[in-house]
Amino acid sequence: METRVRFAPSPTGHLHIGNARTAILNWLFAKHTHGTFILRIEDTDLARSADEYIGQIYEDLKWLGLHWDEGPDVGGPHQYYRQSERLDIYQQYAQQLLASKKAYYCFCTPEELEQMRGESLARREDVQYNRKCLYLSEEQQRSLLAQGRKPAIRFHVPSGDIVFFDLVKGDLRFEGDSIGDFVIMRSEGIPTYNFAAVVDDGLMKITHVIRGDDHVSNTPKQILLYRAFGFELPQFAHIPMILGPDRTRLSKRHGATSIDHYRYRGYLPEAIINFLSLLSWSSVSGDEILSIQQLIDEFDFRRISKSAAVFDIEKLNWMNGYYIRQLDNDRLLSLVTPFLKQANYDISDQLRLKKVIALIKDHMEQLDQVVEQAAIFYRDQVSFADNEARAVVRKESSQKIFWSFLRELHSIAELDANIFRDMMKTVQKETGIMGRDLWQPIRVALTGHLHGPELPLIAEILGRDKCEKFIRAAISN
RNA sequence: GUCCCCAUCGUCUAGUGGCCUAGGACUUAGGAUUUUCGAUCCUACAACGGGGGUUCGAUUCCCCCUGGGGACGCCA
């Protein structure tokens with residue numbers, strides 16, 4: 001049987017890390033099984049949904065490389081793929097439940113419901129709808145309707161346990177009595193999430209529902225709906241949540257959580273996918289650096305752990321740096337160019353830029369760091385990073401080195417890495433200073449930093465004249 | 001309050017009764033290399049939440065406790 005999975009985000013903001021992980025897992029599974037990956041936009045929350053976010057979701061997904069086979073923009077055999085365009089379908093299915101008495105009108109107002117909830121809570125009782133409207137007679141309903149009251153529609157939850165097998169959680173059991181009659185249609189004729197999702201998943205013939213852990217308690221409700229409609233039940237796979245460092249659900253207060261933030265900071269999609277895959281999952285081999293193809297090949301629900309995972313930015317950074325180091329220089333050059341342009345660097349000398357990139361490649365964990373890393377090559381004046389750097393330059397021995405270095409510089413016409421090394425040897429002999437004490441002052445004079453890329457190559461790229469200028473500046477500092 | 005789920009180094013995880021003196025990765029600390037820095041390589045620190053069972057033997061199976069998370073909405 002062909003597998004059909006869907007990623008169904010709500011356009012209420014940017015694509016979130018957690019949602020992205022859900023999308024990735026759905027996509028990986030679709031690829032693994034040669035199935036169909038569907039994008040469905042769940043925009044039934046009129047107040048919070050916005051069209052602009054739909055475009056952003058497309059962009060983020062495309063950037064990650066997760067292309068969909070059916071969706072609002074590409075169409076497909078189960079038109080439409082935006083819930084706001086399917087309102088009449090939901091209406092029709094709701095009427096069907098009403099007719100078969102599996103659902104009923106509820107005239108309670110939000111205020112009344114709120115009050116009821118408050119009272120139950122105060123009495124330390126279960127907060128469930130009390131089925132007040134279930135017992136309304138036909139006449140009462142008619143008169144309420146005649147008054148112009150707009151009722152919501154509630155599903156009448158039958159008693160009895162609901163059991164199902166979850167691909168990652170295993171056997172799950174819920175007591176029917178612990179589930180209250182839930183609203184499937186709001187008074188304005190808009191479906192609620194649980195209802196719309198089931199109608200769509202049923203109609204779109206979704207075979208596997210892969211989604212976040214936070215939906216497990218929705219699942220029994222949905223199963224009841226599937227049964228009420230006679231839809232074939234999909235397989236469920238509830239993947240663990242991603243947590244912040246304080247072990248609560250990852251959210252804005254933990255820092256950047258939207259995928260586009262990571263895109264703009266210069267994280268690589270393959271690093272993001274690799275990293276996110278490793279949350280609550282591990283490969284059989286234990287390898288952690290895995291290509292997209294390997295992730296597709298190795299996808300297996302049985303290897304997804306049941307417990308939540310903390311999002312560790314440190315490890316993501318390391319992994320992104322690793323992926324950057326693996327990039328070939330031309331590719332890195334093109335990836336990094338937009339950042340340099342944005343920072344107004346004069347990158348007309350591409351040959352020089354290439355040397356710069358090759359040099360700082362090992363020092364980057366995010367692409368946007370190219371701006372600060374390359375800064376030393378695109379300025380006319382050295383500024384010292386901190387007091388420690390300034391102190392190094394001011395040391396008496398450092399000043400000795402500078403004078404000696406300057407003399408050497410005057411004896412040459414052109415500077416390259418090898419000549420620089422020879423010069424350093426001479427300076428060492430002349431001053432009797434060696435090792436760190438010799439190299440660090442020159443590094444700081446040339447770059448302003450205590451740390452940085454290989455010094456001879458820095459000198460080569462800077463060139464004779466700039467080196468002279470910077471050393472002179474360090475002397476008079 | 002009710003329902004559901006989870007529990008191995010600081011973090012991500014391996015582990016499905018003996019191979020575990022619990023393995024790997026990130027982080028941190030040392031070292032090697034580099035006459036400097038980074039990258040790289042090596043080494044080290046560091047965990048089975050507690051209590052009961054079952055068993056010849058429990059990280060692994062069962063129960064309780066504790067801790068954490070999620071849901072209980074005319075949000076998704």
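Values reported hereafter were calculated over all heavy atoms of this structure, with side chains retained and with hydrogens, waters and symmetry mates removed. Letters go in sequence order (proteins before strands), and every chain restarts at 1.
- Residue-level contact check: Glu175(A) touches the backbone only, with heavy atoms under 4.0 Å from sugar-phosphate atoms and none from bases.
- For residues 269-287 of chain A, proximity to RNA chain B is found at Leu278(A), Leu279(A), Ser280(A), Ser282(A), defined as any non-hydrogen atom under 4.0 angstrom from a strand atom.
- By the side chain to side chain donor-acceptor pair (under 3.5 Å) test, Asn26(A) pairs with no residue at all, sequence neighbours left out.
- Between Trp318(A) and Phe275(A), the ring center distance fails the sub-6.0 Å criterion.
- Nearest to the side-chain atoms of Arg186(A) among the listed nucleotides C3(B), U35(B), C74(B) stands C74(B).
- Annotation: side chain to side chain contact (heavy atoms under 4.5 Å, CB included) contacts of Phe377(A) (sequence neighbours excluded): Arg352(A), Val356(A), Leu359(A), Ile360(A), Ile458(A), Ile461(A), Leu462(A).
- A heavy atom lying under 4.0 Å from RNA chain B marks the following residues of residues 443-451 of chain A, by number: Arg443(A), His451(A).
- There is no side-chain donor-acceptor pair under 3.5 Å between His16(A) and Asn19(A).
- Each of C74(B), U36(B), A25(B) was ranked by its minimum atom distance to the side chain of Thr192(A); first place goes to C74(B).
- Taking the centre of each ring, Phe402(A) and Phe470(A) stay at or above the 6.0 Å mark.
- Side-chain atoms of Ser307(A) lie closest to A7(B) of the nucleotides A7(B), U11(B), C74(B).
- Arg6(A) and Asp200(A) are not joined by a salt bridge, as no carboxylate oxygen comes within less than 4.0 angstrom of a charged side-chain nitrogen.
- For the pair Arg154(A) and C74(B), the criterion of a side-chain N or O lying under 4.0 Å from OP1 or OP2 is met.
- Screening Arg421(A), Lys355(A), Lys361(A) for a salt bridge (charged side-chain N to carboxylate O under 4.0 Å, His left out) with Glu454(A), the sole residue that qualifies is Arg421(A).
- Under 3.5 Å, the side chain of Glu114(A) and the base of G73(B) form no donor-acceptor pair of N or O atoms.
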Table please: side-chain donor-acceptor pairs of residues 153-163 of chain A below 3.5 Å, with sequence neighbours left out.
residue: Arg154(A); atom: NH1; partner: Asp181(A); partner atom: O; Å: 2.7
residue: Asp161(A); atom: OD2; partner: Arg173(A); partner atom: NH1; Å: 3.1

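- Nearest approach of His238(A) to Lys169(A), heavy atoms of both residues: O-CE, 3.6 Å.
- You'll find that the side chain of Asn194(A) is closest to A76(B), out of A7(B), A39(B), A76(B).
- Here the two rings, on Phe301(A) and Phe236(A), have centers that are 6.0 Å apart or farther.
- Residue side chain Glu314(A) does not reach the base of U11(B) through any donor-acceptor N/O pair under 3.5 Å, judged by distance alone.
- Proximity of residues 246-256 of chain A to RNA chain B (heavy atom under 4.0 angstrom from any strand atom) is restricted to Arg247(A), Thr248(A), Arg249(A).
- Straight-line distance from the CD1 atom of Ile242(A) to the P atom of C6(B): 19 Å, rounded to whole Å.
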Show your reasoning for whether salt bridge (charged side-chain N to carboxylate O under 4.0 Å, His left out) applies to Arg249(A) and Asp213(A). CA-CA 11 Å; Arg249(A) 194 200 185 107; Asp213(A) 219 343; over 6 Å; no

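- Put simply, the side chain of Asp362(A) and the base of G38(B) share a donor and an acceptor less than 3.5 Å apart.
- The minimum heavy-atom distance linking Ser307(A) with Ser280(A) is given by the pair O-OG, 3.1 Å.
- Between U36(B), A76(B), U35(B), one nucleotide has an atom nearer to the side chain of Met424(A) than all others, and that is U35(B).
- For Val310(A), the listed nucleotide lying nearest its side chain is U11(B); candidates were C5(B), U11(B), C6(B).
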